[in-house]
Amino acid sequence: MSWSDDVTGSTQSATRVVPYVPPHLRNSVVNNGAHSFDNGNSYGSYSTESTQHGFRSNRPGSAGSSRSSRGRGGRRGQWRGRGRKSLGSSRSLSQEIFEVCEKFDDLEVSEEDGNGGGGGGGGGINFDAYEDIPVEANGTDIPTAANTFVEICLGERLSENIKRCKYVRPTPIQRHAIPIAVAGRDLMACAQTGSGKTAAFCFPIISGIIKSRSPRFGGQTTGVCFPSALILTPTRELASQIHDEAKKFAYQTGVKIVVAYGGASISHQFRNLEKGVDILVATPGRLVDMIERGRISLRLIKYLTLDEADRMLDMGFEPQIRKIVERMDMPKPGVRQTMLFSATFPSEIQRLASDFLSNYVFLAVGRVGSSTDLIAQKVDYVEDMDKRHYLMHILHDQKVNGTCGKHALTLVFVETKKRADALEYWLSVNGFPAIAIHGDKVQMERERALKSFKSGATPIMVATDVASRGLDIPNVAHVINFDLPRDIDDYVHRIGRTGRAGKSGIATAFFSEKNLPLAKVLVELMNESNQEIPDWLHQYAETSISSSGGQRHGSSKFAAYDYRSTTSGNENYYYSSSYGGADSFDPNVASPCDVSGAAPSSSQHHLSPNAEPYAAGQYAYGGGYETVVATGWD
Ligand SMILES: Nc1ncnc2c1ncn2[C@@H]1O[C@H](COP(=O)(O)OP(=O)(O)OP(=O)(O)O)[C@@H](O)[C@H]1O
């Protein structure tokens with residue numbers, strides 16, 4: 001949950017926000033004491049069975065895709081109580097957090113926010129959902145994972161801000177990635193959407209800058225700015241979001257963060273830079289422009305982060321990224337520290353990315369490119385000509401049954417900018433308040449659309465892939481793939497706009513004949529996250545095996561793990577991220593700061609009986625799924 005939304009939530013309404021609970025979990029939510037989530041919420045039943053709405057399809061077989069509750073409710077049923085009232089008599093971390101929060105004026109978070117301030121670290125985040133997630137760390141001398149933020153020694157100010165954000169415990173990616181980054185190691189990190197990657201790269205950078213404070217160069221005297229850290233993102237909205245998040249983390253630390261992206265006034269951004277910059281968050285185009293105008297130098301960069309790194313290094317962005325990283329004045333790998341983060345990392349991109357890294361650690365929390373099983377995925381067979389009416393039925397159901405309640409938002413992905421505008425118009429004239437976002441809109445319109453959607457003023461947003469990556473929009477209850485993307489990784493990122501920070505969500509996809517090439521990889525992805533797959537989709541998948549060949553993780557495009565594992569003798573460690581066993585978690589016990597690059601013995605990095613490592617060679621290599629350039633990017 002982003003900060004601004006917390007603020008919005010806290011100022012707009014003092015009432016408690018009822019968290020979205022998808023239908024298959026509604027009866028499994030455990031009442032965890034007097035202040036646990038109210039499960040008797042207003043959300044009614046939800047069904048989009050095509051047969052129910054009378055839609056006929058020529059799909060093979062006739063099985064529907066309705067979800068059952070098979071074995072999925074258990075873990076996630078253990079929602080925690082929230083806020084001060086839910087605390088027991090003993091003093092807890094949450095108690096301290098609320099005390100610190102009192103004076104966090106600008107960035108205040110509502111204590112009663114049912115969706116969890118800052119992601120709900122105080123209770124909204126369901127850490128149980130992340131238990132037993134397999135973790136692969138590959139490389140030499142890998143620093144030990146941390147169970148608490150305290151033991152990482154991020155510095156007093158930053159630690160206070162972490163509490164203010166109500167981040168009680170690190171998420172699995174944070175447990176593993178932060179110690180690695182704090183130790184100064186290069187990192188290629190892959191973790192599921194909504195699992196806290198932003199903090200995983202922001203904390204080490206902010207902490208490092210505070211610890212090695214050196215006089216800032218540039219500013220008004222020379223007119224050239226010399227940031228110490230550069231965070232690159234593929235979209236303007238994501239740059240802006242990371243800037244907002246990083247500002248919270250760096251509150252009262254003196255670390256200056258500036259954002260630069262296209263479509264907004266460059267002179268305004270120059271003025272911000274002139275006030276001093278430690279961390280620059282930027283989109284590539286605007287950054288190149290600023291460098292070429294001689295206003296930014298990368299000579300003193302100590303930290304380089306590519307968020308959505310696979311996107312930044314694919315065909316669309318790679319030349320620009322190479323220009324910035326290799327042909328400007330940025331220090332070389334090994335001199336600077338480089339961190340790459342994404343939820344997906346095709347092996348060909350991993351290979352490319354290794355040019356930017358030096359002796360790096362590869363970290364995968366969960367299978368690379370997998371979707372979180374917090375998202376209930378549903379695939380319906382819908383012909384193109386029926387899509388609008390079918391969508392209308394879904395939205396109508398939500399309206400009537402309350403699935404799209406006061407705070408629940410629906411995000412609809414389409415293939416092209418034109419289709420986004422057309423669908424926005426059609427929905428609006430049919431009584432469904434919708435707004436479109438895509439790359440042809442001017443920046444102000446894009447920002448207005450996002451704001452209107454986030455606030456719930458327009459609860460339906462129709463988007464191209466410009467909104468598919470990174471955006472952390474609270475209360476997105478339902479993602480609808482009106483048009484499926486051609487690339488399964490884009491699907492993973494799109495549906496990842498819901499089911500974030502331990503909360504659950506729904507994703508519905510409209511599948512038709514033209515999506516045949518996606519069938520097999522979609523089935524594999526859904527299988528991995530324990531989704532119910534309709535028989536007809538299985539049948540399509542079988543057809544697509546014979547036409548395209550290969551498997552998702554077996555094609556050259558996909559890697560289930562570190563691509564180096566097949567070719568080098570790098571150490572491999574497998575963990576369960578569970579807080580049990582040898583890594584047992586006790587939030588009240590702070591261990592000494594022992595993460596400064598200490599190389600663990602392999603016995604410290606054990607394979608949990610619950611974890612399922614991805615053995616090298618498990619997947620046969622076959623034909624590749626085509627690489628496509630997504631539409632609507634900056
Ligand atoms: N330790 C934590 N405790 C509680 N909430 C957290 C914690 N870490 C992150 N969050 C919250 O989780 C949400 C998702 O985090 P973030 O946006 O960093 O995910 P992500 O992994 O980068 O997702 P994506 O792959 O979609 O970019 C945010 O609202 C964030 O505030």
Side-chain angles (χ1 to χ4, degrees), residues 1-6 9 80 82 93-94 97 107 109 113 115-127 129-130 146-150 152 154 159 161-178 189-203 231 233-235 237-239 241-242 244-246 248-249 305-312 339-345 365-366 368-372 374-375 411 454 467-476 479 489-490 492-503 505 577 585 587:
M1 183 173 196
S2 77
W3 196 268
S4 54
D5 301 300
D6 256 340
R80 286 152 202 273
R82 300 193 52 77
L93 273 177
S94 318
I97 284 157
L107 312 167
V109 179
D113 179 1
N115 281 308
I125 193 163
N126 178 12
F127 279 93
Y130 296 123
N147 286 320
T148 64
F149 286 121
V150 176
I152 311 174
L154 291 164
S159 300
N161 291 338
I162 293 171
K163 289 180 186 173
R164 286 171 176 146
C165 289
K166 300 185 184 176
Y167 288 8
V168 177
R169 296 192 221 168
T171 63
I173 182 67
Q174 293 163 1
R175 291 182 59 213
H176 292 269
I178 296 174
C190 191
Q192 289 165 335
T193 51
S195 63
K197 294 187 286 295
T198 311
F201 60 74
C202 282
F203 291 177
I231 300 171
T233 77
T235 65
E237 288 76 15
L238 184 53
Q241 178 182 296
I242 293 172
D244 290 346
E245 288 285 295
K248 283 181 271 163
F249 303 146
T305 297
L306 305 190
D307 193 19
E308 310 297 343
D310 57 328
R311 175 69 189 117
M312 302 300 283
M339 293 180 274
L340 311 182
F341 279 80
S342 186
T344 51
F345 253 118
V365 178
V368 175
S370 67
S371 62
T372 161
L374 292 161
I375 305 166
L411 184 53
K454 278 177 152 188
S468 68
R469 283 192 182 237
L471 295 187
D472 188 49
I473 305 168
N475 303 325
V476 173
V479 171
D489 284 353
D490 290 335
V492 168
H493 288 278
R494 284 179 179 190
I495 67 169
R497 296 319 97 209
T498 187
R500 301 178 69 74
K503 292 188 289 255
S577 73
F585 167 73

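Just so you know, ligand 1 is whichever comes first in the structure, and atom 1 is the first atom listed for that ligand.
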**Fill in**
Filtering K166, R497, Q192, K197 for the heavy atom nearest atom 25 (O) of ligand 1 leaves K197

**Message:** Are any of the N/O atoms on G194, whether in the backbone or the side chain, positioned under 3.5 angstrom from an N/O atom of ligand 1?
**Reply:** yes

**Request:** Output, in order, the C-alpha distance, side-chain angles, deciding distance and verdict of side chain to side chain contact (heavy atoms under 4.5 Å, CB included) for R469 and T344.
**Result:** CA-CA 11 Å; R469 283 192 182 237; T344 51; 3.8 Å; yes

**ligand 1 atoms in contact with A501 (distance to a heavy atom under 4.0 Å)** = 12 (O), 13 (C)

**Message:** Considering F149, F203, F341, Y167 one by one, which has a heavy atom nearer to atom 9 (C) of ligand 1 than any of the others?
**Reply:** Y167

**Message:** Under 4.0 Å from a heavy atom of R500: which atoms of ligand 1 are those, numbered in the order shown and with their elements?
**Reply:** 14 (C), 16 (P), 17 (O), 19 (O), 20 (P), 23 (O), 24 (P), 26 (O)

**Request:** May I have the step-by-step check of side chain to side chain contact (heavy atoms under 4.5 Å, CB included) for L340 and D307, ending in yes or no?
**Result:** CA-CA 6 Å; L340 311 182; D307 193 19; over 6 Å; no

**Request:** Taking only heavy atoms of R169 into account, list the atoms of ligand 1 that are under 4.0 Å away from them.
**Result:** 1 (N), 2 (C), 3 (N)

**Request:** Determine the interplanar angle of the F203 and F249 rings, folded into 0 to 90°, and report it as parallel if under 30°, tilted if 30 to 60°, perpendicular if over 60°.
**Result:** perpendicular

**Request:** Answer side chain, backbone, both or neither: which part of T193 comes under 4.0 Å from ligand 1, heavy atoms only.
**Result:** both

**Message:** Quick check for you: to the nearest 0.5 Å, what is the distance between Q174 atom CD and I162 atom CD1?
**Reply:** 8.5 Å

**Request:** Considering non-hydrogen atoms only, spot the tightest contact between S342 and H493 and give its length.
**Result:** OG-CE1, 3.7 Å

**Complete:** Counting from 1 in the order shown, the ligand 1 atoms closer than 4.0 Å to a non-hydrogen atom of D472 are 13 (C), 14 (C), 17 (O), 28 (C), 29 (O)

**Candidate pair F201 and I242, rule side chain to side chain contact (heavy atoms under 4.5 Å, CB included), full reasoning** = CA-CA 10 Å; F201 60 74; I242 293 172; 4.1 Å; yes

**Message:** If I compare all heavy atoms of E245 with all of T198, which pair ends up nearest, and what's the gap?
**Reply:** CB-CG2, 4.2 Å

**Request:** Kindly confirm or rule out an N or O of A343 lying under 3.5 angstrom from an N or O of ligand 1.
**Result:** no

**Request:** Given side chain to side chain contact (heavy atoms under 4.5 Å, CB included), test Q241 with D472 step by step and report yes or no.
**Result:** CA-CA 8 Å; Q241 178 182 296; D472 188 49; 3.4 Å; yes

**Item:** Point-to-point distance, once rounded to the nearest 0.5 Å, from OG1 of T235 to CZ of R311
**Value:** 10.0 Å

**Request:** Heavy-atom contacts with T198 under 4.0 Å: which atoms of ligand 1 show up? List them by number with element.
**Result:** 16 (P), 17 (O), 18 (O), 22 (O)

**Request:** Measure the distances from the heavy atoms of E308 to every atom of ligand 1 and state whether one is below 4.0 angstrom.
**Result:** yes

**Item:** Proximal ligand 1 atoms for S195, defined as those under 4.0 Å from one of its heavy atoms
**Value:** 19 (O), 20 (P), 21 (O)

**Message:** For A191, state whether at least one heavy atom is located under 4.0 Å from any atom of ligand 1.
**Reply:** no

